[in-house]
Amino acid sequence: MPLPLEREAIQNLTEELEVIIAAHLAWFKQLNRSLVCACDPPPGDMAPDAHLRSPFGQWYYTHETHPLVEYPAFQELAEVQQAMHNAARLALLDIIQGARPFPETYDNFIDLSLRLNTKLRKLQLDIIGELLTTDPLTGCATRRGMLGKLREEQERAIRIQRPCCICLMDFDRFKRINDELGHPAGDAVLRQGMKFTLGLLRKYDSIYRYGGEEFLICLPGTPLKDAVVVIERIRNGLAHLPVELPSGETLRISASFGLAEMHTRRPVEEAIANADMALIRAKENGRNRIEIWQPE
Ligand SMILES: Nc1nc2c(ncn2[C@@H]2O[C@H](COP(=O)(O)OP(=O)(O)OP(=O)(O)O)[C@@H](O)[C@H]2O)c(=O)[nH]1
């Protein structure tokens with residue numbers, strides 16, 4: 001499941017997680033010391049709401065309204081952390097009563113602490129992965145991992161017996177925009193054009209920055225005739241989108257599209273090549289249009 005986060009939020013979360021992991025390890029060390037050396041435990045750790053008071057708890061429960069809440073790996077943290085605090089309390093109770101914790105109680109506490117650490121690291125890696133697979137300019141996915149994801153869509157298409165379409169989209173006369181209005185103007189076109197395009201797609205559609213000003217749109221569960229309707233909405237919308245340039249001026253733009261249905265038994269690379277052939281035809285036939293790849 002992709003993380004529903006903006007790039008800046010991803011960056012902040014990565015840093016927050018580093019702090020939380022360090023705080024968890026410091027807490028773990030202190031608690032382990034209380035158990036092994038039979039020292040008085042910090043009073044907070046005996047409280048029934050210890051899981052809320054810890055640095056992790058304070059960080060986690062302030063994120064309750066955060067979009068990350070929908071992410072399964074984030075939800076799993078709460079369960080493990082609460083169980084870990086319960087296990088710590090049981091082991092500490094033995095110490096307070098002048099006994100040694102049962103090995104099972106101690107093992108349970110250690111296992112849960114290590115599991116929480118592993119889960120926090122895994123979440124951090126997922127978030128960093130997301131950072132690497134998101135294009136900072138447009139917010140679209142990068143090509144890293146694209147073929148793997150398209151193959152997954154192909155497998156799903158076979159499973160659910162619904163076609164999947166691939167579309168290559170390329171902004172028209174983009175070199176001219178850069179050359180005549182400057183590179184920041186070109187960047188503004190890409191940023192605003194793709195924001196608009198992303199806004200028209202469903203949440204299970206995906207879009208990758210395929211090259212400089214070329215993007216690949218994947219429309220799962222969509223037959224060709226429906227895909228044409230979606231892409232036409234994008235084409236027409238872009239042709240009417242007033243792009244605001246850094247100079248304050250407004251620019252009219254357009255894009256060309258090559259559409260192909262993914263064959264369920266052929267490599268996904270073939271569908272991309274077919275969409276590319278259709279895109280070349282769209283450019284040759286005057287731009288600002290959609291061409292559909294048809295088998296000879
Ligand atoms: N501003 C900006 N320009 C980019 C970026 N990536 C690629 N480009 C430029 O996009 C231009 C693409 O030009 P061409 O491939 O000649 O295509 P075109 O001018 O759009 O012409 P047609 O596709 O035939 O309509 C090149 O000048 C690239 O340097 C980017 O991230 N920002």
Side-chain angles (χ1 to χ4, degrees), residues 2 5-11 129-147 149-150 165-201 205-219 227-228 230-260 269-294:
L5 294 173
E6 297 288 333
R7 193 178 175 82
E8 205 183 308
I10 290 176
Q11 227 148 3
E130 195 73 13
L131 205 56
L132 293 175
T133 54
T134 307
D135 169 44
L137 181 67
T138 61
C140 296
T142 61
R143 275 178 76 157
R144 187 187 281 254
M146 180 189 80
L147 284 176
K149 299 242 176 69
L150 294 181
C165 282
I166 295 282
C167 179
L168 279 178
M169 153 185 180
D170 188 278
F171 286 94
D172 294 329
R173 311 258 185 235
F174 195 72
K175 188 171 180 327
R176 201 190 282 170
I177 299 174
N178 271 336
D179 291 348
E180 292 176 9
L181 302 166
H183 213 267
D187 284 355
V189 170
L190 293 179
R191 203 180 303 112
Q192 291 170 49
M194 295 325 291
K195 186 175 179 199
F196 173 81
T197 305
L198 281 162
L200 286 186
L201 294 176
D205 297 332
S206 47
I207 182 155
Y208 302 87
R209 189 165 182 187
Y210 191 66
E213 20 71 85
E214 191 169 352
F215 295 82
L216 184 147
I217 302 172
C218 174
L219 301 167
V228 175
V230 175
I231 300 301
E232 172 55 20
R233 204 174 296 143
I234 296 173
R235 186 207 63 76
N236 184 48
L238 285 174
H240 291 90
L241 181 75
V243 174
E244 283 179 34
L245 300 182
S247 62
E249 285 167 288
T250 298
L251 180 71
R252 292 286 176 190
I253 56 165
S254 67
S256 301
F257 301 82
L259 189 56
E269 289 89 335
E270 193 175 305
I272 300 175
N274 292 341
D276 197 34
M277 280 190 267
L279 173 62
I280 292 168
R281 256 210 339 271
K283 293 281 182 182
E284 287 168 352
N285 290 342
R287 299 181 174 81
N288 187 22
R289 56 187 290 125
I290 307 167
E291 291 288 345
I292 300 164
W293 181 81
Q294 306 282 5

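Read the numbers this way: they start at 1 and go in the same order the structure lists the ligands and their atoms.
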S.K.: Sequence neighbours excluded, which residues qualify as side chain to side chain donor-acceptor pair (under 3.5 Å) partners of His240?
M.R.: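 Asn236.
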S.K.: Measuring only between side-chain heavy atoms, which start at C-beta, is Lys283 closer than 4.5 Å to Asp172?
M.R.: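 Counting from C-beta outward, Lys283 and Asp172 do come under 4.5 Å.
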S.K.: Quick one: side chains of residues 187-200, donor-acceptor pairs under 3.5 Å with protein atoms, not counting sequence neighbours, listed by atom name and distance.
M.R.:
residue	atom	partner	partner atom	Å
Gln192	OE1	Glu244	N	2.9
Gln192	NE2	Glu244	O	2.8
Thr197	OG1	Gly193	O	2.8

S.K.: I need the contact residues for ligand 1: any residue with a non-hydrogen atom closer than 4.0 Å to the ligand, ordered by chain then number.
M.R.: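 The answer is Leu137, Asp170, Phe171, Asp172, Arg173, Phe174, Lys175, Asn178, His183, Gly186, Asp187, Leu190, Arg209, Gly212, Glu213, Lys283, Arg287, counting any residue whose heavy atom sits under 4.0 Å from ligand 1.
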S.K.: Can you find a pair of side-chain heavy atoms, one from Ile177 and one from Phe171, that are under 4.5 Å apart?
M.R.: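 Side chain of Ile177 against side chain of Phe171, heavy atoms only: no contact under 4.5 Å found.
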S.K.: The criterion is side-chain contact (heavy atoms from CB on, under 4.5 Å); which residues satisfy it with Ala271, sequence neighbours excluded?
M.R.: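 By the side-chain contact (heavy atoms from CB on, under 4.5 Å) rule, Ala271 matches Ile166, Met262.
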S.K.: Considering only NZ, NE, NH1 and NH2 on the basic side and carboxylate oxygens on the acidic side, decide whether Glu284 and Arg281 come within less than 4.0 Å.
M.R.: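 No, this pair does not count.
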